[in-house]
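Counting starts at 1 for both ligands and their atoms, following the listed order.
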Amino acid sequence: MIVCRSQNEIEKLRRVNQLVARILSELRQVVVPGITTADIDELAERRVREAGAEPAFKGYHGYPATVCASVNEQVVHGIPSLRPLVDGDIVSIDMGAKLDGFYGDCAVTVPVGTVSPQATELLRVTEEALFRGIDSVRPGARVSDIGAAVQQHVEAQGFSVVREFVGHGIGTSLHEEPQVANYGPAGHGPRLSEGMVLAIEPMVNAGKPAVKVLSDGWTAVTRDKSLSAHFEHTVVVTREGCEILTLLAAEEARAKQLLAGRIVPGGDARESEGVRAHS
Ligand code: CO
């Protein structure tokens, strides 16, 4: 069953997702050559607890940290470590938190210093693909429309979509129904309706789509050792389209650029666009 949240529940989801987005924004700003992913994790956990929230991933099926920090060919679920990031790396930072019974989840991939043109392109395409997926979210659309939009964009740019990990419903648990794949034909799966909350999270490889999990039981890497990127937003389906719960007001202009020419016209002034940030 897919839960449709009440306004009161959505307000709580807004609060925790905005918290996650704010912390993630601080984390991305401390990413410089020389910092370790353990440093990033320590800052993340401190900020989560200062806000009276709890890390969502720590202890989840035994996961040991507050963030997942996946470097270069690591796809997702990289465990923070004492290995310093170096100029030219890319690092995907994924963080979840729980506040007042509700979960937030968001991820970004960040360049470390100066990165290759291919890495820059991979980050751009992955974030764009996330926004293509988000743009397909509206009442009456089908869950698989999201993955179809993501895959179409990624493959048109010559990259590939990871199949083994998917996005998910989120609310009073970190992972709820439905699963949100990042590939496949449109027009399948449950129909979306107002109040459904989804974490959409494409993982995109520069090379082939295949991944494997390292012997630590968590870290997923590309089999061909190509670079991989991951962007994630949590959204709620609205009458107009959706609201991106993890979008900061300061990022709204950039989000609109990513959706350039693809914005769905709507009703009243505040909700005059199909996709909006909470402000
Ligand atoms: Co997620």
Near the Co ion (ligand 1) (under 2.8 Å) - protein N, O or S atoms:
D105 OD2, H168 NE2, E201 OE2, E232 OE2
So is R163 actually on top of Y183's ring, under 6.0 Å and inside 45° of the axis?
yes
Given the side-chain rings of H230 and F165, with only the six-membered ring counted for Trp, is the space between their centroids under 6.0 Å?
no
Does a donor on one side chain and an acceptor on the other come within less than 3.5 Å for H168 and E176?
no
Donor-acceptor side-chain pairing of H233 and T246 below 3.5 angstrom
yes
Chi angles and distances behind the ring-ring contact (aromatic ring centres under 6.0 Å, His included) call for F57, H77:
CA-CA 10 Å; F57 301 166; H77 303 165; 7.8 Å; no
Smallest separation among heavy atoms of V237 and R138, with atom names
CG1-C, 4.0 Å
